Amino acid sequence: MLSRYPLVLAVCAICLAVAARRMYFIYRLIASGAEDGTRTKGWARRLRAEVREVIGQQKLLRWSVPGLAHAFTFWGFIVLALTVIEAFGDLFSPTFALPGIGHLAAIGFLEDFFACAVLVAVSVFVIIRVVQSPRRIERRSRFFGSHTRAAWLVLGMITSVIVTLVLYRAAQTNVTGDFPYGWWAFASHGIGDALRPLGVSTNRTLSTVFVDANVIVIVAFLVLVVYSKHLHIFLAPLNIAFSRQPRALGALASTPNMDPEQLDENSTFGVGTIEEATWKQLLDLATCTECGRCQSQCPAWATGKPLSPKLVIMDLRDELFAAAPRLLGTAPEKRGAVDGSPVGAETSGGAPERDLVPRVIDPDVLWSCTTCGACVEECPVDIEHVDIILDMRRHEVLMESRFPPEAGGMLRNVESRGDPWGIGASKRLEWTDGLEFAVEVVSEQLPDDVEYLFFVGCAGALDERARRTTRSIARLLHDAGVRFAVLGSAERCTGDPARRLGNEYLYQEQAKANIAQFDSLRVRKVIVSCPHCFNSIGREYPALGGNYEVVHHAQLLAQLVADGRITPGELNASVTYHDPCYLGRHNRVFDEPRSVLEAVDGLTSIEMPRCREKGFCCGAGGARMWLEENIGSRINLDRTDEALSMNTDYVGTACPYCMIMIDDAVKTRGREDEVQVLDIAQLLEQSIER
């Protein structure tokens, strides 16, 4: 039988060898990345993620139509793996059947069902790509910038696999004894009926031709997959298995050692060249499917800025493959740079031609990110866009001293005055003016009968609009009998703006000082009103030794209402709630703020289209609060226009920065007399007759 198919077997051998060589190359390239010792812990959670996201296609199914099409394609090829075995078996014997199961009617039905399902799914993909064509709708297409020709080629290859499969099986049904399945294999028998008039001899020939074609298409498809973005077929399960669990949001992935006594002149921070990326970051780059879901949700891209999370990953992936000779040590002697210049060659400015910024990633791209996490939330293969962007920022700030000019003032203010505005500690207690009760200011150990330290935060203490929220929170807690104290003039910034800008050193200095202060005061529980403080103290301080029970005021108010310690009143009005990124998407606090609003009699809540996990950023995150927004339209205006379209009396939120950004946008739109922007604490207090 080998002499019957020598050409087919030779093609198979060549294609398999080429694919294996390519996969070994990919493995070596990814393994060249820096160590990341956090990716092999918690295998029970990782296994659950595999079942949920790979087998269950959870993230893909969030978009119902393309999600179902992809799910049927994925599950289809799992089932159709049986037909691959059958096809290779048919090369040696036309009567080959899978041992033990080759005559089960259910197997034949499943194979034919999923063959048809995959063809339907391919048709859906074709329609989606026509409707979403970048040529037609340009930046509004999530495929803008993707390799669309390769996508069309892959769709053609998938179609060829299924068509050749069904045709050779259909022809086999007309050759006695060749086809192992009965009429439950409905598609094969149905098409076989149409081929029956051609006669047994012709059908036997067709069976031979199409089984050869099926095998050749399969192995050719394998080569195409490993040389294209569809490499994700093999890498996505690995990327999901090694992803940060339960999600790559909240705290940043790494907290580098910034102790000056343990550093030397060769120490570097962040990712300035592709060599400095970790192996997981390189795996992210190779796994990208170019689906554009991240791009479609990015607030920077939506408002005309150059940042697309997808294009960042694609550009870095191109750099990874271009730098392969250097990374793998296979470059010709003295020729290592991407542009062919000698190893160690420098630009006119003295920087090696390996720097990612600005050579690969434009500074405007890097500094447009609000770190809202929408890209990470949407990515179906768990790429961690925010971490690689922040690592590049770290390198730019700490190693190159390159950052937007206006950021310098904010960093100096945090360092010297303890807050991003530079207002100073002497103003931090002014929010207490006019309160009917005294707020306890702690200077020594927190008394045993004081349950919480109320960490007011820079905005809550120093911005007049946010101060009103702080007063409402304090009054509500006081009336509910919650004992709390504040730091007053001894309070300082958590360091979050500095960290999101890339100044890891300043962040750690602020964080270590706060941790030392908290520990000296015997702080156990902390209330915060700012989601950024909530994320920093609760999620990021533990990496530096600060472990506290941190609660956002929305969570505490929801609990006090549920316990009957706060009785909401009546407020005949309507509200639409804006989810702060660092409270909602990053830390999954979605229900508590809404439960507070729902507890108010007469207050009707109307959800915006982009809410909860899909909430749209206000534009202040990623230290963008202190940076100019000169490219495209303003993010806060985009979000506020959506909120105003709900025609509600109030826009509610639970973040002082969101309040500032949306309130400014409401005034810009001239709607401040119609719509008020208030924190949920203010709305709750308004409902209560004082």
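Atoms considered below: every heavy atom in the structure, side chains included; atoms not considered: hydrogens, waters and symmetry mates. Given the structure is predicted, the values throughout are model-derived calculations rather than measurements.
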Colleague: For Tyr548 and Phe518, take the angle between the two ring planes, folded into 0 to 90°, and tell me which bin it lands in: parallel under 30, tilted 30 to 60, perpendicular over 60.
Modeller: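 Rings of Tyr548 and Phe518: perpendicular, as their planes differ by over 60°.
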Colleague: Okay, side chain of Glu628, backbone of Glu406: is any donor-acceptor separation there less than 3.5 Å?
Modeller: no
Colleague: Decide whether Asn535 and Asp496 meet the rule of one side-chain donor and one side-chain acceptor closer than 3.5 Å.
Modeller: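 No - no donor-acceptor pair under 3.5 Å links their side chains.
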Colleague: Determine whether Glu396 and Leu501 make a side-chain contact, defined as any pair of heavy atoms from C-beta on separated by less than 4.5 Å.
Modeller: no
Colleague: Are more than 12 heavy atoms from other residues, nucleotides or ligands located less than 6.0 Å from atom CD of Glu607?
Modeller: yes
Colleague: Examine the side chains of Tyr582 and Arg500 and answer whether a donor and an acceptor come within less than 3.5 Å of each other.
Modeller: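 The answer is yes; a qualifying pair exists.
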Colleague: Where do Trp431 and Ala461 come nearest, in terms of heavy atoms and distance?
Modeller: CD1-CA, 4.2 Å
Colleague: Charged N to carboxylate O under 4.0 angstrom, Lys427 versus Glu491?
Modeller: no
Colleague: Go through the side-chain N and O atoms of Glu685 and Ser687 and say whether any donor and acceptor fall under 3.5 Å apart.
Modeller: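 No pair is found: no donor N or O on one side chain lies under 3.5 Å from an acceptor on the other.
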Colleague: Using every non-hydrogen atom in the two residues, find where Pro246 and Arg45 come nearest and quote the distance to one decimal.
Modeller: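 Scanning both residues, the minimum pair turns out to be CD-NH1, 4.1 Å.
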Colleague: With a 3.5 Å cut-off and no angle check, do the side chains of Thr469 and Gln682 form a donor-acceptor pair?
Modeller: yes
Colleague: Does anything in residues 629-688 pair up under ring-ring contact (aromatic ring centres under 6.0 Å, His included), and if so which pairs, sequence neighbours excluded?
Modeller: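 Counting only pairs at least two positions apart or across chains, the ring-ring contact (aromatic ring centres under 6.0 Å, His included) contacts touching residues 629-688 are His532-Tyr657, Trp626-Tyr657.
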Colleague: Establish, from distance only, whether the side-chain atoms of Tyr541 and Asn514 form a donor-acceptor pair under 3.5 Å.
Modeller: yes
Colleague: Could you please spell out the steps behind the side chain to side chain contact (heavy atoms under 4.5 Å, CB included) verdict for Val675 and Leu644?
Modeller: CA-CA 8 Å; Val675 180; Leu644 293 174; 3.8 Å; yes
Colleague: Could you walk me through whether Gln510 and Val414 pass the side chain to side chain contact (heavy atoms under 4.5 Å, CB included) check?
Modeller: CA-CA 8 Å; Gln510 292 292 122; Val414 170; 3.9 Å; yes
Colleague: Under the salt bridge (Lys or Arg N to Asp or Glu O under 4.0 Å) definition, can you give me all pairs with a residue in residues 240-251, not counting sequence neighbours?
Modeller: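 Those involving residues 240-251 are Arg244-Asp387.
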Colleague: Which pairs count as salt bridge (Lys or Arg N to Asp or Glu O under 4.0 Å) when at least one residue sits in residues 555-571, sequence neighbours excluded?
Modeller: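 Non-adjacent pairs meeting salt bridge (Lys or Arg N to Asp or Glu O under 4.0 Å): zero.
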Colleague: Tell me whether the NZ or CZ atom of Arg139 lies within the 45° cone about the ring axis of Trp301 and under 6.0 Å from its centre.
Modeller: yes
Colleague: Between Arg499 and Thr255, do the side chains contain an N or O donor and an N or O acceptor separated by less than 3.5 Å?
Modeller: yes
Colleague: Hey, could you give me each pair passing salt bridge (Lys or Arg N to Asp or Glu O under 4.0 Å) that has a residue in residues 46-60? Not counting sequence neighbours.
Modeller: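 Every salt bridge (Lys or Arg N to Asp or Glu O under 4.0 Å) pair that includes a residue of residues 46-60, provided the two are not neighbours, is Lys59-Asp382.
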Colleague: Would you say Gln555 and Gln559 make side-chain contact, with heavy atoms under 4.5 Å?
Modeller: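 Heavy-atom side-chain distance check fails, nothing below 4.5 Å.
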Colleague: May I ask you to decide whether Arg524 forms a salt bridge with Glu549, counting only side-chain N to carboxylate O separations under 4.0 Å?
Modeller: no
Colleague: Flag this pair as yes if the NZ/CZ of Arg639 is under 6.0 angstrom from the six-membered ring centre of Phe616 and inside a 45 degree cone about the axis; otherwise no.
Modeller: no
Colleague: Considering non-hydrogen atoms only, spot the tightest contact between Ile383 and Asp284 and give its length.
Modeller: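 Shortest heavy-atom separation between Ile383 and Asp284 comes out as CD1-O, 3.5 Å.
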Colleague: Can you check whether His385 reaches Val312 side chain to side chain, under 4.5 Å on heavy atoms?
Modeller: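 His385 vs Val312: side chains apart.
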Colleague: Can you find a pair of side-chain heavy atoms, one from Gln676 and one from Val651, that are under 4.5 Å apart?
Modeller: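 No. Closest side-chain heavy atoms not under 4.5 Å.
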Colleague: Cut-off 3.5 Å, side chains only: do Gln281 and Asp391 have a donor facing an acceptor?
Modeller: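 On atom types as modelled, these side chains qualify, holding a pair under 3.5 Å.
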Colleague: Could you tell me whether Glu613 and Arg585 have a side-chain N and a carboxylate O separated by less than 4.0 Å?
Modeller: no
Colleague: Should Ser574 and Leu603 count as side-chain neighbours, where that means a heavy-atom distance under 4.5 Å?
Modeller: no
Colleague: Can you name the residues that form a ring pair (Phe, Tyr, Trp, His ring centres under 6.0 Å) with Tyr507, not counting sequence neighbours?
Modeller: none
Colleague: Determine the minimum heavy-atom distance between Cys618 and Asn636, stating which atoms define it.
Modeller: O-CB, 3.2 Å
Colleague: Run the ring pair (Phe, Tyr, Trp, His ring centres under 6.0 Å) test against His578 and tell me which residues pass, sequence neighbours left out.
Modeller: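 Partners of His578 by the ring pair (Phe, Tyr, Trp, His ring centres under 6.0 Å) criterion come out as none, since no residue qualifies.
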Colleague: Apply salt bridge (Lys or Arg N to Asp or Glu O under 4.0 Å) to Arg467 and list each qualifying residue two or more places apart in sequence or on a separate chain.
Modeller: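 For Arg467 the salt bridge (Lys or Arg N to Asp or Glu O under 4.0 Å) partners, ignoring immediate neighbours, are Glu430, Glu464.
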Colleague: Nearest heavy-atom pair of Val528 and Cys533: which atoms, and what distance?
Modeller: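 It is CG1-CB, 4.1 Å.
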Colleague: Can you sort out the partners of His232 under ring pair (Phe, Tyr, Trp, His ring centres under 6.0 Å), two or more places apart, ordered by chain and number?
Modeller: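 Partners of His232 by the ring pair (Phe, Tyr, Trp, His ring centres under 6.0 Å) criterion, ordered by chain and then number, come out as His230.
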Colleague: Could you walk me through whether Leu560 and Val482 pass the side chain to side chain contact (heavy atoms under 4.5 Å, CB included) test, one step at a time?
Modeller: CA-CA 9 Å; Leu560 293 172; Val482 176; 3.9 Å; yes
Colleague: Residues in side-chain contact (heavy atoms from CB on, under 4.5 Å) with Arg612, at least two apart?
Modeller: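 Expected list: Asp579, Phe590, Asp591, Arg594.
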Colleague: With sequence neighbours excluded, what pairs up with Trp63 under the ring pair (Phe, Tyr, Trp, His ring centres under 6.0 Å) test?
Modeller: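 If we apply the ring pair (Phe, Tyr, Trp, His ring centres under 6.0 Å) test to Trp63, skipping adjacent residues, there are no hits.
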Colleague: What is the ring orientation for Phe534 with His552, classed by angle as parallel under 30°, tilted 30 to 60°, or perpendicular over 60°?
Modeller: perpendicular
Colleague: Run Lys667 and Glu674 through salt bridge (Lys or Arg N to Asp or Glu O under 4.0 Å) and show every step you take.
Modeller: CA-CA 10 Å; Lys667 292 175 181 175; Glu674 306 169 38; over 6 Å; no
Colleague: Tell me the ring-ring contact (aromatic ring centres under 6.0 Å, His included) pairs involving residues 554-574, sequence neighbours left out?
Modeller: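 Sorted result for residues 554-574: empty, none.
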Colleague: Going by salt bridge (Lys or Arg N to Asp or Glu O under 4.0 Å), name the residues that satisfy it together with Arg669, two or more places apart in sequence or in a different chain.
Modeller: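 Counting only residues at least two positions away or on another chain, Arg669 forms a salt bridge (Lys or Arg N to Asp or Glu O under 4.0 Å) with Asp641.
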Colleague: For the residue pair Ser296 and Arg142, what are the closest heavy atoms and their distance?
Modeller: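 In this case the closest contact between Ser296 and Arg142 is CB-CB, 4.1 Å.
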Colleague: Is the shortest side-chain N to carboxylate O distance from Glu504 to Arg393 below 4.0 Å?
Modeller: no
Colleague: Between Thr303 and Asp638, does a side-chain hydrogen bond (donor to acceptor under 3.5 Å, both in side chains) hold up when you go through it step by step?
Modeller: CA-CA 8 Å; Thr303 53; Asp638 189 307; over 6 Å; no
Colleague: Distance under 6.0 Å and angle within 45° of the ring axis: does Lys280 meet both against Phe242?
Modeller: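 Judged by the rule (NZ or CZ under 6.0 Å from the ring centre, within 45° of its axis), Lys280 is not positioned above Phe242.
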Colleague: Are the side chain of Lys614 and the backbone N or O of Glu378 linked by a donor-acceptor pair below 3.5 Å?
Modeller: no
Colleague: With a 3.5 Å distance limit and no angle check, can you tell me whether Ser243 reaches the backbone of Ile240 through a side-chain donor-acceptor pair?
Modeller: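 Confirmed, Ser243 side chain pairs with Ile240 backbone.
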